[in-house]
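Residue numbers begin at 1 in each chain, while the letters A, B, ... track the order of the sequences. Hydrogens, waters and symmetry mates play no part in the numbers below; they use all other heavy atoms, side chains included. Everything quoted here is computed from the prediction, not taken from an experiment.
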Number of protein chains: 2
Amino acid sequence: MRPTVHDIAAAAGVSLATVDRVLNRRPGVRHVTREKVENAIREIGYVRDVAAANLAKGRTYPLVFILPASDNSFMHGLNDEVRAAIARSSVERTAIRTLEVPAFDPAALVKVLNELGEERPAGIALVATDAPEVRDVVDRLVKDGIPVVTLVSDLTGSQRHHYAGVDNIAAGRTAARLLGRFLGGAKGEIAVLAGSMLVRDHRERLEGFAAVIAAEFPSLSILPVIEGRDDPEMAHMLVADALSKKGDIIGVYSLGAGNRGLIRALKEKAVDRSLTVVAHELTTHTRAALLDGTIDAILNQDAGHEVRSAIRVLKAKADGLAVIEAQERIRLDIFLKDNLP
Amino acid sequence: MRPTVHDIAAAAGVSLATVDRVLNRRPGVRHVTREKVENAIREIGYVRDVAAANLAKGRTYPLVFILPASDNSFMHGLNDEVRAAIARSSVERTAIRTLEVPAFDPAALVKVLNELGEERPAGIALVATDAPEVRDVVDRLVKDGIPVVTLVSDLTGSQRHHYAGVDNIAAGRTAARLLGRFLGGAKGEIAVLAGSMLVRDHRERLEGFAAVIAAEFPSLSILPVIEGRDDPEMAHMLVADALSKKGDIIGVYSLGAGNRGLIRALKEKAVDRSLTVVAHELTTHTRAALLDGTIDAILNQDAGHEVRSAIRVLKAKADGLAVIEAQERIRLDIFLKDNLP
DNA sequence: CCAAATTTGATGTACGTAAATCAAAATCTG
DNA sequence: CAGATTTTGATTTACGTACATCAAATTTGG
């Protein structure tokens, strides 16, 4: 059977109270005694029974999710998933609170994070705005022993414990290869629709995309990026305009949100032309467009997985436990019309 | 706070002992009283604290994994993942036992399953051989209250609680579209390498593949299926032979195992020809082939996810709890050289 | 209506850990 | 070496549930 605290006490030749003091970092244990206990723990392979410990502590994990106040399908979906997690909170012993901050606003994020430092929740998940001042607060929180994971968008060079999101450079590269291969050597121009180049995930997707196009599909050239601010109306206008003016666009890569506008523009302006289109994020609109042939492939990250993974990791870190790395890798989903969920 | 058994007792106006009798289906409770308690449970929204219950019961979940004695990379990987789960068993309160049965042998599977009926483990996961007699035993086990999930390969028309594996028809369709689009309207023949048409997942993959090729890529024709028995040597021989004889093969779909042999044949016979190749299962060999351009896309199912999902579902079913459906969907991974993990 | 049978209540122990209290022992200080 | 201080031990209660026992109350059958 699994060893218990009693077994540690017996193995170390000390009392249960001393074992408890060591396990829970309570004061009043001599260095030598502490080492005796720690050795015993290691030797008999003791692992704390988290369920029993939580029961005894009556513990709940107060977690905070910091989400940007963006009005696009993906963020709405992410919000829904966090709310679903909140609905499960009594079973999972979590007490999840969400905070909304203005999107792409490092100062606001820093302010909120600083306040959380006082509050000391059991863990923080945030959609990071990639800025040095944000990284500095996060590093301080981590140093203070508060588990932090980034969600969807990572924080360059920070000490965050984990990133629950996809590899966006790989996503961009994958989009490029799909588009390149689907176009089969044709010559022409590629339009790229992004939300904003101020966001790290969009920058990275473009970076990966451009690299592969340049290296492996020289017959394709990328037009200047269209920034649609993740807004359907704006995306519609800009894409429709580009399609009207440029006759040699043969492919489109939409790496941000606002796909509803893109799809409308495509249906208006490109019925006669055979465009190859790769877009990000599976929504009602992109799904329908994939099925009717307007879009050829969708790259997706599963918001539900990201949220659940973030929670698992935060709880594990709060308990000082290991995580199953392979389980927490967020995968890039590729959907063709045949493998939609 | 979360309601407890005491709250039920108070709400129903009965004693704790009676609540306990109802909760754990112990005899000696009048029908009316039982209903009073059940109503109270529903009204206050009581959910049993599984952690505390398991602690009290000292419960472990004796689970059985029935795996085929196949000697290919995928099954080895699956085996490794089950062993990894066994290593975690003390933490997860599982006691996992594996049983090996000859592959594609319904009788052997039936025999093992019948014996398990006596033993009554908390749950059974099996890689199903798709046969009516297997379905009948499984249905009986389910009827007897033993949770059963199929793993990797499903059981037609059975009552199994869950299938932890990918949708193989969708996988075949996806392979067809990738191949068709990558070939960009070229005219020619497609070679299909399977393990055996006696296995349901292989049959389904072929079915989906053929359907999409026929419907949407009329310039492509599928050659008679090559059955390589998932054996590298045999696959090598057969594929090399086919490539020598048929000059107009422009694509290959490998839907089973034995890819090491396929890759060798491709490197020997197809350096000059530009073949487009889609294969299943990410292994050391297929990964290397994808990176060096021998293979163009790999479809994969994550054995680790499948095993962990099966365990989660079996435990939940054993406790009569709901599962998060979206979390348990096993996804079809599509790997290009850019998004390898 | 009485005895028997059934149903319900009251109570205690256990699971593995946390946390607290008080006493005892060991160590340190001067 | 006495006294103060620190370290350790012994013991208890609690968390929410399971399970067992015995007594009391209620229902049922004749």
Side-chain angles (χ1 to χ4, degrees), chain A residues 1-38 40-41 44-61 89-93 95 122 315 318-321, chain B residues 1-38 40-41 44-61 89-93 95 122 315 318-321:
Chain A
M1 280 283 92
R2 193 170 164 178
T4 73
V5 281
H6 295 86
D7 300 320
I8 305 176
V14 300
S15 77
L16 244 154
T18 301
V19 172
D20 179 68
R21 290 180 183 112
V22 173
L23 277 177
N24 297 295
R25 309 179 192 296
R26 275 184 255 280
V29 184
R30 266 189 310 168
H31 188 67
V32 280
T33 317
R34 163 155 279 133
E35 287 206 323
K36 257 199 308 186
V37 175
E38 280 165 352
I41 290 174
I44 67 176
Y46 170 84
V47 182
R48 185 199 246 105
D49 182 329
V50 182
N54 286 345
L55 179 60
K57 275 192 277 204
R59 163 155 212 180
T60 55
Y61 300 80
S89 57
S90 77
V91 175
E92 295 180 350
R93 293 179 181 280
K315 286 174 75 173
D319 291 330
L321 293 179
Chain B
M1 278 284 91
R2 190 170 168 178
T4 74
V5 281
H6 293 86
D7 300 321
I8 305 177
V14 300
S15 77
L16 239 146
T18 301
V19 173
D20 178 69
R21 289 181 185 110
V22 173
L23 277 176
N24 297 295
R25 308 177 194 295
R26 274 185 258 280
V29 185
R30 264 188 312 167
H31 189 67
V32 282
T33 316
R34 163 155 281 134
E35 287 206 322
K36 258 199 307 187
V37 174
E38 280 165 351
I41 289 174
I44 67 176
Y46 169 84
V47 182
R48 185 197 249 104
D49 184 329
V50 181
N54 286 344
L55 178 60
K57 277 193 275 205
R59 163 153 211 179
T60 55
Y61 300 80
S89 58
S90 77
V91 174
E92 297 181 348
R93 294 180 179 279
K315 287 174 74 173
D319 290 331
L321 292 179

Provide, to the nearest angstrom, the distance between the [atom1] atom belonging to [X] and the [atom2] atom belonging to [N].
X	N	atom1	atom2	value
A:H31	D:dT6	NE2	C1'	17 Å
A:K36	C:dA26	NZ	P	12 Å
A:D49	D:dC15	CG	P	18 Å
A:K57	D:dA14	NZ	C1'	14 Å
B:R25	D:dC19	CZ	C1'	16 Å
B:H6	D:dA14	NE2	P	11 Å
B:D7	D:dT17	CG	P	9 Å
B:Y46	D:dA18	OH	C1'	10 Å

Global bending angle along the helix from C:dC1-D:dG30 to C:dG30-D:dC1, which compares the axes of five pairs at either end, to 10 degrees: 20°

Donor-acceptor list for residues 1-13 of chain A side chains, cut-off 3.5 Å, not counting sequence neighbours:
| unit_1 | atom_1 | unit_2 | atom_2 | d |
| --- | --- | --- | --- | --- |
| A:R2 | NH1 | B:S90 | O | 2.9 |
| A:R2 | NH2 | A:V47 | O | 3.2 |
| A:R2 | NH2 | A:R48 | O | 3.2 |
| A:T4 | OG1 | A:H6 | N | 3.1 |
| A:D7 | OD2 | A:T4 | N | 2.7 |

Options D:dT8, D:dC15, D:dA18, nucleotide nearest the side-chain atoms of A:L55: D:dC15

Quick one: list whatever passes side chain to side chain donor-acceptor pair (under 3.5 Å) with [X], sequence neighbours left out.
X	result
B:R26	B:D20
B:R93	A:D49
B:Y46	none
A:R34	none

Any B:R26 side-chain N or O less than 4.0 Å from OP1/OP2 of D:dC19: yes

N/O (side chain, A:R59) to phosphate O (OP1/OP2, C:dT17) under 4.0 Å: no

Minimum heavy-atom distance between B:K315 and B:Y61, given as atom pair plus value: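 Closest heavy-atom pair between B:K315 and B:Y61: CE-CE1, 3.6 Å.
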
Minimum heavy-atom distance between A:V19 and A:V37, given as atom pair plus value: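 Smallest interatomic distance, heavy atoms only, reads CA-CG1, 4.4 Å.
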
Residues B:T18, B:K36; criterion side-chain contact (heavy atoms from CB on, under 4.5 Å); working and verdict: CA-CA 11 Å; B:T18 301; B:K36 258 199 307 187; over 6 Å; no

Strand-adjacent residues in residues 13-22 of chain A, judged by heavy atoms under 4.0 Å from DNA chain D: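 Going residue by residue through residues 13-22 of chain A, the ones with a heavy atom under 4.0 Å of DNA chain D turn out to be A:G13, A:V14, A:S15, A:A17, A:T18, A:R21.
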
DNA chain C: 5'-proximal contact among B:T33 and B:A52 (nearest heavy atom): B:T33

Where protein sits on nucleotides 24-30 of chain D, one letter per nucleotide: B base, S sugar-phosphate only, - none, heavy atoms under 4.0 Å: ---S---

Those residues that, when tested against B:A56, pass side-chain contact (heavy atoms from CB on, under 4.5 Å) (two or more places apart): none

side-chain contact (heavy atoms from CB on, under 4.5 Å) partners for B:A95, two or more places apart: none

Sugar-phosphate only, base, or nothing, as touched by A:G58 at under 4.0 Å among non-hydrogen atoms: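 The residue A:G58 makes no contact with any strand.
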
Test log, rule side-chain contact (heavy atoms from CB on, under 4.5 Å), inputs A:L23 and A:I41: CA-CA 9 Å; A:L23 277 177; A:I41 290 174; 3.8 Å; yes

Worked verdict on B:R21 versus B:V14 for side-chain contact (heavy atoms from CB on, under 4.5 Å): CA-CA 11 Å; B:R21 289 181 185 110; B:V14 300; over 6 Å; no

